[in-house]
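Heads up: the structure comes next, in structure tokens.
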Amino acid sequence: MQILRAESLRARNTLRLESRATALVEVSSPVQLTEALDWARAEGLPVVPLGTGSNVVLVGDLDALVVCHRGSDMELLSEQGEQVLLRVAAGHDWHALVQRTLEAGLYGLENLALIPGTAGAAPIQNIGAYGVELDRFVVAVHALETANGRAMTLTAGDCGFGYRDSVFKGELRDQLVITAVDLRLSRRPRPELGYPALRSELEQAGISEPRPEDVFRAVVDVRSRRLPDPAREPNVGSFFKNPVLKAAAVEALRRQHPDLPVYPQSGGRAKIPAAWLIDRAGWKGQRRGGVGVHPGHALVLVNYASDSGAELLALADEIVASVQARFGVALEPEPRIYGG
Ligand SMILES: Cc1cc2nc3c(=O)[nH]c(=O)nc-3n(C[C@H](O)[C@H](O)[C@H](O)COP(=O)(O)OP(=O)(O)OC[C@H]3O[C@@H](n4cnc5c(N)ncnc54)[C@H](O)[C@@H]3O)c2cc1C
């Protein structure tokens with residue numbers, strides 16, 4: 001286990017923001033992770049787990065031991081009828097996992113193709129795309145407590161999953177390093193085609209009865225066309241969550257803005273697209289210094305030429321204030337913000 005001191009995180013976050021970690025370690029097993037946690041305790045440093053940095057905004061330096069879990073095993077734990085239980089180590093690349101399971105004839109994850117990041121980070125915000133969220137597959141999450149290195153296992157019910165939310169963002173925030181995730185997949189294909197953009201992509205390809213492989217390809221094609229590539233235009237995907245509002249609030253908004261898209265949710269609530277609000281507030285393509293709003297995608301903030309997370313946060317604050325003033329809706333950032 002090699003502890004690196006004063007390590008730059010610029011190449012380790014997809015916004016390419018400069019930030020130095022007091023210390024950084026790469027581990028690939030729970031034993032190494034335990035050693036790293038012991039070391040941090042002895043040094044009096046907090047621990048910050050980091051995957052590929054595709055959902056963090058780093059503002060200034062991180063006075064912490066940054067722990068990157070590199071373990072990438074995938075183990076088949078059990079098989080019962082069509083159901084298969086897998087254990088995936090935290091460092092497994094997410095998209096590679098989607099491909100790997102599909103190739104093994106294990107279905108379910110295809111709508112979540114091409115989401116950047118690691119398997120260990122996936123439960124943090126309950127990743128979701130094209131009508132599917134991670135929580136429908138999670139059976140358990142394994143972790144070590146940062147305070148004492150104790151191993152713990154959370155059942156799916158313990159994880160408090162919600163829309164881009166979980167207990168790991170709430171009461172267990174900063175308390176655990178996830179080491180592995182148990183997922184239940186199926187040998188029986190059940191393509192999830194509820195999402196309109198996905199359906200029309202398949203229709204345009206002339207596929208009327210899609211297999212999971214077709215869904216995977218369609219998701220990869222749509223995402224590659226629509227979303228800016230962080231390697232060329234540094235970003236963290238959607239910068240804001242889609243607001244979920246009470247029906248009465250949505251109706252009031254709809255009276256003023258009849259073309260507002262609305263997606264009904266359970267409990268009489270409805271989700272409205274943050275991208276629509278930001279676009280209507282005139283932000284698409286706007287720049288502030290080295291940062292800006294992507295010209296083709298209002299929900300994506302891009303770091304064109306800035307070192308500073310502070311500049312990006314200032315832009316985010318301006319957008320929040322303008323959407324609040326115009327629509328009376330509060331936008332909430334999706335990525336985790338460190339510092340600032
Ligand atoms: C172009 C682009 C498109 C995206 N599209 C989507 C999308 O469609 N849907 C979606 O949900 N998200 C999307 N995202 C966001 C991002 O891909 C996910 O949130 C992903 O799960 C982050 O993984 P990561 O390994 O990069 O996590 P990081 O950014 O490294 O970490 C994110 C948070 O998780 C914590 N964390 C990471 N690993 C662990 C661990 N092992 N144990 C405990 N905590 C940990 C970190 O401390 C941090 O707080 C997108 C991002 C980009 C750049």
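Read the numbers this way: they start at 1 and go in the same order the structure lists the ligands and their atoms.
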Got the closest protein heavy atom to [atom], with its distance?
| atom | result |
| --- | --- |
| atom 29 (O) of ligand 1 | N55 N, 2.7 Å |
| atom 39 (C) of ligand 1 | P49 CB, 3.7 Å |
| atom 37 (C) of ligand 1 | A121 CB, 3.6 Å |
| atom 22 (C) of ligand 1 | S54 OG, 3.2 Å |
| atom 30 (O) of ligand 1 | G51 N, 2.7 Å |
| atom 28 (P) of ligand 1 | G53 N, 3.6 Å |

[X] heavy atoms, cut-off 4.0 Å: which ligand 1 atoms fall inside?
| X | result |
| --- | --- |
| V56 | 29 (O), 31 (O), 32 (C), 48 (C) |
| R336 | 49 (O) |
| I127 | 11 (O), 18 (C), 21 (O) |
| G237 | 2 (C), 3 (C), 51 (C), 52 (C), 53 (C) |
| G128 | 7 (C), 8 (O), 9 (N), 10 (C), 11 (O) |
| N235 | 1 (C), 53 (C) |
| G117 | 23 (O), 24 (P), 25 (O), 26 (O) |
| L176 | 43 (C) |

Do any nitrogen or oxygen atoms of [X] come within less than 3.5 Å of a nitrogen or oxygen of ligand 1?
| X | answer |
| --- | --- |
| H69 | no |
| P116 | yes |
| T14 | no |

From [atom], work out which of [options] has a heavy atom at the shortest distance.
| atom | options | value |
| --- | --- | --- |
| atom 25 (O) of ligand 1 | T179, T118, L172 | T118 |
| atom 44 (N) of ligand 1 | T52, L112, I124, I178 | I124 |
| atom 4 (C) of ligand 1 | R223, R12, Q125 | R223 |
| atom 14 (N) of ligand 1 | V177, I115, V48 | I115 |

Please check: side-chain N/O of [X] versus main-chain N/O of [Y], any donor-acceptor pairing under 3.5 Å?
| X | Y | value |
| --- | --- | --- |
| R287 | G292 | no |
| Q265 | Y263 | yes |
| N235 | E233 | yes |
| K169 | R164 | yes |
| N303 | V291 | no |

- Task: Output yes when D307 and R10 qualify as a salt bridge under the 4.0 Å nitrogen-oxygen rule, no when they do not.
- Result: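 Between R10 and D307 there is a salt bridge, with a charged N closer than 4.0 Å to a carboxylate O.
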- Query: Below 4.0 angstrom, N of the basic side chain to O of the carboxylate: do E79 and R187 qualify?
  - Reply: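 Counted as a salt bridge, because a side-chain N and a carboxylate O are separated by less than 4.0 Å.
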- Message: Could you check whether W283 and S322, counting side-chain N and O atoms only, form a donor-acceptor pair closer than 3.5 Å?
- Response: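 W283 and S322 do have a side-chain donor-acceptor pair below 3.5 Å.
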- Query: When the ring planes of H257 and W276 are compared, do they come out parallel, tilted or perpendicular, using 30° and 60° as the limits?
  - Reply: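 Perpendicular: the ring planes of H257 and W276 meet at over 60°.
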- Task: Kindly check if the number of other-residue, nucleotide or ligand heavy atoms within 6.0 Å of CZ (R232) is above 12?
- Result: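 Counting other residues, nucleotides and ligands, CZ of R232 stays at 12 neighbours or fewer.
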- Message: Within the supplied structure, the quantity of interest is the number of heavy atoms (other residues, nucleotides, ligands) at a distance under 6.0 Å from R326 CZ; does it exceed 12?
- Response: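 Enclosed: over 12 neighbouring heavy atoms sit under 6.0 Å from CZ of R326.
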- Could you list the residues that satisfy side-chain hydrogen bond (donor to acceptor under 3.5 Å, both in side chains) with Y107, not counting sequence neighbours?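 With sequence neighbours excluded, Y107 shows a side-chain hydrogen bond (donor to acceptor under 3.5 Å, both in side chains) to no residue whatsoever.
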- Item | Residues in side-chain hydrogen bond (donor to acceptor under 3.5 Å, both in side chains) contact with E311, at least two apart in sequence or another chain |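 E311: side-chain hydrogen bond (donor to acceptor under 3.5 Å, both in side chains) contacts with S306.
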- Message: I'd like to know if K169 contacts ligand 1, where contact means a heavy-atom distance under 4.0 Å to any ligand atom.
- Response: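 Contact absent.
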- Verify the ring-centre separation between F216 and H95: is it less than 6.0 angstrom?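 Close enough - the centres of the two rings lie under 6.0 Å apart.
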- Message: Under 4.0 Å, heavy-atom basis, I'd like to know which part of Y338 is in contact with ligand 1: side chain, backbone, both or neither.
- Response: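 Near ligand 1, Y338 shows its side chain, while the N, CA, C and O stay back.
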